[in-house]
Amino acid sequence: AELDPAARPLTGRKVVITAGPTFEAIDPVRGLTNRSSGKQGYAIAEVLADLGADVTLVSGPVFLDAPNGVRRINVEAAAEMKAAVEAEMAAHKIDVAIMSAAVADWRVDNVATGKIKKAPGGAPALHLIENPDILAAVSKSGPVRPKLVIGFAAETADLEANALAKLSRKGCDWIVGNDVSQDVFGSDANAVTLFTRNGNESWERQSKRDIARHLAQHIVDHFKADPQ
Ligand code: CTP
Ligand code: CA
């Protein structure tokens, strides 16, 4: 079935999307971050809102405007992103969670309260600790678990094996896998495979907007088949 935006097929559905990188402070002027333009997550937010969904975008620092009709919550660190997502789940029954953010896997344990100065003794040692996995937490959130939880997997090798491992390890429903060995970051195009528990489907390299439309189509079909 073709998507019919005029029919607003996602009216009444609440969606939370994470997008962009996270930024983990080292000191007041420095930090660790990930490469992510946020374009794919923002495109998904825009398309779902156009289809009638009530969309909240929990966004790390990016150079993009919030799409029309989308509520944006700006965050920096992974811990803040997780808290914002959990607050949304506590406040409303969420139908769909889409975790497209490039969350920093580690943060600095010993964040300095003042600017670290260069010193003759050499470079400072950073002690890293692992950040919480937001996608896994949302997937395992029991009574408040969204009906459909979608993650992303950016891989430079073994896309299928890694994506399927993430699907089962994190407990989400779908994984959008993308091969980042090609030109993806900051680009307007992307080539992805959708992994579900009922098999996978590859989409040829296309604009991030068209990928968002494809994903939206699958979401609409999912709720049509099972109007929970
Ligand atoms: N993710 C998340 N919170 C994290 C790390 C990842 O929510 N702390 C989400 C991402 O938004 C994405 C999915 O998990 O939807 C997969 O992210 P990815 O970085 O590919 O997976 P990791 O489990 O972090 O594994 P690795 O980086 O080692 O490949
Ligand atoms: Ca990671």
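Only a predicted model underlies this, so the values are computations on that prediction, with no experimental measurement involved. One is the number of the first residue; the rest follow in order along the sequence. Every number for a ligand or one of its atoms is a count from 1 in the order of the listing.
- In Asn68, the CG atom is not crowded: 12 or fewer heavy atoms of neighbouring residues, nucleotides or ligands sit closer than 6.0 Å.
- Nearest protein neighbour of atom 12 (C) of ligand 1, counting heavy atoms only, is Phe152 O, 3.0 Å.
- Considering all non-hydrogen atoms of both residues, Ala125 and Asn110 come closest at O-ND2, 3.5 Å.
- Of all heavy-atom pairs spanning Cys172 and Gly151, the tightest one is SG-N, 4.3 Å.
- In this structure, Trp203 has its ring center under 6.0 Å from that of His218.
- Looking only at protein heavy atoms, the nearest one to atom 19 (O) of ligand 1 is Asp105 OD1, 4.4 Å.
- Residue-to-ligand polar distances keep Glu155 apart from ligand 1: every N/O pair is separated by 3.5 Å or more.
- By the 4.0 Å heavy-atom criterion, Arg169 is counted among the residues contacting ligand 1.
- Of all atoms in ligand 1, listed by their number and element, those nearer than 4.0 Å to a heavy atom of Met99 are 10 (C), 11 (O), 12 (C), 15 (O).
- Among all heavy-atom pairs drawn from Ala25 and Val108, the shortest one is O-CB, 3.8 Å.
- Scanning the protein heavy atoms around atom 1 (N) of ligand 1, the nearest turns out to be Asp133 OD1, 3.9 Å.
- A side-chain donor-acceptor contact under 3.5 Å links Tyr42 and Ser59.
- Between Ala104 and ligand 1, no pair of N/O atoms sits closer than 3.5 Å.
- In terms of N/O distances under 3.5 Å, ligand 1 is not approached by Ala102.
- In plain terms, the two heavy atoms of Pro28 and Ala112 that are nearest each other are CD-O, 3.5 Å.
- In this structure, Pro132 has a heavy atom closer than 4.0 Å to ligand 1.
- The atoms of ligand 1 that sit less than 4.0 Å from any heavy atom of Leu135 are 2 (C), 7 (O), 9 (C), 13 (C), 14 (O), 15 (O).
- Between the side chains of Thr22 and Glu24, a donor-acceptor pair is found at a separation under 3.5 Å.
- Under a hydrophobic-cluster definition in which Ile, Leu, Val, Met, Phe, Trp and Tyr are linked whenever side-chain heavy atoms come within less than 4.5 Å, directly or via other members, Ile17 and Val96 are assigned to the same cluster.
- Residue Ala101 approaches ligand 1 through these ligand atoms, each under 4.0 Å from one of its heavy atoms: 10 (C), 11 (O).
- In this structure, atom 17 (O) of ligand 1 has protein heavy atoms in its sub-4.0 angstrom surroundings.
- Residue-level proximity to ligand 1 for Ala136 is absent, since no heavy atom of it falls below 4.0 angstrom.
- Among all non-hydrogen protein atoms, the one lying nearest atom 3 (N) of ligand 1 is Ile134 N, 3.0 Å.
- Residue contacts with ligand 1 include Lys170, since one or more of its heavy atoms lies under 4.0 Å from the ligand.
- Closest approach of Asp4 and Pro9 over heavy atoms only: O-CD, 3.5 Å.
- Residues Ala157 and Asn162 come closest through the heavy atom pair O-ND2, 2.9 Å.
- When only non-hydrogen protein atoms are considered, atom 26 (P) of ligand 1 lies nearest to Lys166 NZ, 3.9 Å.
- Residue-ligand proximity, Gly151 to ligand 1, at heavy-atom distances under 4.0 Å covers atoms 15 (O).
- Contacts between Thr18 and ligand 1 below 4.0 angstrom, taking non-hydrogen atoms only, are absent altogether.
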